Amino acid sequence: MKRIILASILAIVIFVASCKKEKKSDNPNINHRTVNLEMKVSSYNGDSEMLFDINEDGMLDFGLYLELYKNSNDDYDYELYLYGEESGNEILTSKINLNDYIKPLNKNDLINSGSSTWYNDSNIFEVEKSPSYPEEKYGFSGKDDMLIGIRFLIGTELHYGWIKIDVAADYKSVTVKEVAYDIRPNVEIRAGEK
């Protein structure tokens, strides 16, 4: 009987030791969520707005506003922008054509106080055209997923994070796919870090 028990224990130890162990690569200080929130404008001369809560504390942290305007003369202006709903909530930006647009990040780019320029609101794209002028496109749409750096307040403390969005090539919809932030105040995060 002792041999059977010993053989069973030995077999279990060998089995456990031979199992492939997966390394947990997630950072325990990062709060990450897949959200898949989609916003659409179904027709021209329409707009849509979506507010979302990054840390699920009941406070709306950021908003997206999408507007598609087109008139009978074939003038049009399509615009999408991201804004901090609360004072102190900001987006990492860069200048395009003298205006502030989101700064698309590559995976693992650092997001911290020294990251470029921070503003309360920022265009994601703008497309303009009138019959006497060619179409002008600024910003980012239909370019696959984008990582956007953010910083926002939880209570009175500033936290760094990122948002992953996808903007449709036809300009009519945007999806907020993922959100993440470092639970520790004033601690940098890498774009895409989970």
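All values derive from a computational prediction rather than experimental measurement. Quick note: numbers below take in every heavy atom, side chains included, and nothing from hydrogens, waters or symmetry partners.
At least one side-chain heavy atom of Ile124 sits less than 4.5 Å from a side-chain heavy atom of Val167. Counting heavy atoms from C-beta on, the side chains of Tyr101 and Glu126 come closer than 4.5 Å. Between Val174 and Leu80 the shortest side-chain heavy-atom distance falls below 4.5 Å. Between Ile102 and Asn123, every side-chain heavy-atom pair lies at or beyond the 4.5 Å cut-off. Counting heavy atoms from C-beta outward, Leu51 and Phe62 have side chains that stay 4.5 Å or more apart. In this structure the side chain of Leu68 never reaches within 4.5 angstrom of the side chain of Asn45, judged on heavy atoms. With a 4.5 Å cut-off on side-chain heavy atoms, Lys194 and Trp162 count as touching. Taking 4.5 Å as the limit, some side-chain heavy atom of Phe152 sits within range of a side-chain heavy atom of Asn55.
Lys129 and Asp75 are not joined by a salt bridge, as no carboxylate oxygen comes within less than 4.0 angstrom of a charged side-chain nitrogen. A salt bridge does not link Asp170 to Lys172: none of the charged nitrogens lies less than 4.0 Å from a carboxylate oxygen. A salt bridge links Glu178 with Lys164; the closest basic N to acidic carboxylate O contact falls under 4.0 Å.
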If you apply the rule side chain to side chain contact (heavy atoms under 4.5 Å, CB included), what do you find for Val176 with Ile163, and how did you get there? CA-CA 7 Å; Val176 177; Ile163 300 170; 3.8 Å; yes

Set out, in order, the CA-CA distance, both residues' side-chain angles and the distance that settles side chain to side chain contact (heavy atoms under 4.5 Å, CB included) for Val187 and Asn29, then state yes or no. CA-CA 10 Å; Val187 175; Asn29 295 311; over 6 Å; no

Step by step, work out the side chain to side chain contact (heavy atoms under 4.5 Å, CB included) result for Asp166 and Lys177. CA-CA 7 Å; Asp166 180 41; Lys177 292 185 163 185; 3.9 Å; yes

Under the side chain to side chain contact (heavy atoms under 4.5 Å, CB included) rule, what do Met59 and Glu86 come out as? Steps first, then yes or no, please. CA-CA 8 Å; Met59 300 287 294; Glu86 297 293 322; 4.0 Å; yes

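We find the CD-CG distance between Glu67 and Asp47 to be 6.0 Å, quoted to the nearest 0.5 Å. Residue Ser113 holds its OG atom at 9.0 Å from CG of Leu158, rounded to the nearest 0.5 Å. Atom-to-atom distance recorded for Ser116:OG and Asp109:CG is 11.0 Å, nearest 0.5 angstrom. Atom CG of residue Leu92 and atom NZ of residue Lys103 lie 5.5 Å apart, to the nearest 0.5 angstrom. To the nearest 0.5 Å, the span separating CG on Asp53 from CG on Leu37 amounts to 10.5 Å. Rounding to the nearest 0.5 angstrom, the gap separating the CD1 atom in Ile111 from the CD1 atom in Ile150 is 8.0 Å.
A pairwise comparison of heavy atoms in Ile189 and Ile30 identifies CD1-CD1, 3.5 Å as the closest pair. Across every non-hydrogen atom of His159 and Pro185, the tightest pair is CE1-N, 3.4 Å. The two residues Ala191 and Asn106 make their nearest non-hydrogen contact at CB-O, 3.4 Å. Pairing each heavy atom of Asp61 with each of Ile54, the nearest pair is OD2-N, 2.7 Å. The two residues Ser122 and Ile91 make their nearest non-hydrogen contact at CB-CG2, 4.2 Å. Shortest non-hydrogen contact noted between Arg190 and Asn108 is NH1-O, 2.7 Å.
Between the side chains of Glu193 and Asn27, at least one donor N or O lies within less than 3.5 Å of an accepting N or O. Between the side chains of Asn71 and Tyr76, no donor N or O sits under 3.5 Å from an acceptor N or O. Using a 3.5 Å distance cut-off with no hydrogens or angles, the side chains of Asp182 and Tyr160 do not pair a donor with an acceptor. Remark: the Glu79 side chain and the Tyr69 side chain contain no N/O donor-acceptor pair separated by less than 3.5 Å.
With hydrogens and angles ignored, the 3.5 Å screen pairs a side-chain donor or acceptor of Ser115 with a backbone N or O of Leu110. Without hydrogens or angle criteria, Thr175 side chain to Asn36 main chain gives no donor-acceptor distance under 3.5 Å.
By the criterion of side-chain heavy atoms lying less than 4.5 angstrom apart, applied directly or through intervening Ile, Leu, Val, Met, Phe, Trp or Tyr residues, Val127 is grouped together with Met39 in one hydrophobic cluster. Connection of Tyr78 to Leu66 is established within a shared hydrophobic cluster, with ILVMFWY side chains joined at heavy-atom distances below 4.5 Å, either directly or through further cluster members. Cluster membership check: Met50 does not share its hydrophobic cluster with Leu60, using side-chain heavy-atom separations under 4.5 Å among Ile, Leu, Val, Met, Phe, Trp and Tyr. Cluster annotation: Leu82 is connected to Val35 through the hydrophobic network of ILVMFWY side chains, with a link wherever side-chain heavy atoms come within less than 4.5 Å. When the side chains of ILVMFWY residues are joined at heavy-atom separations under 4.5 Å, either directly or via intervening members, Leu105 and Ile148 end up in two distinct hydrophobic clusters.
Within the structure, side-chain hydrogen bond (donor to acceptor under 3.5 Å, both in side chains) pairs that include any residue of residues 89-100 comprise Glu90-Arg151, Lys95-Asp100, Asn97-Tyr138 (at least two apart or interchain).
The aromatic rings of Phe125 and Tyr171 lie tilted to each other, with the angle between the two planes from 30° to 60°. Between Tyr83 and Tyr81, the two ring planes are tilted [angle within 30° to 60°].
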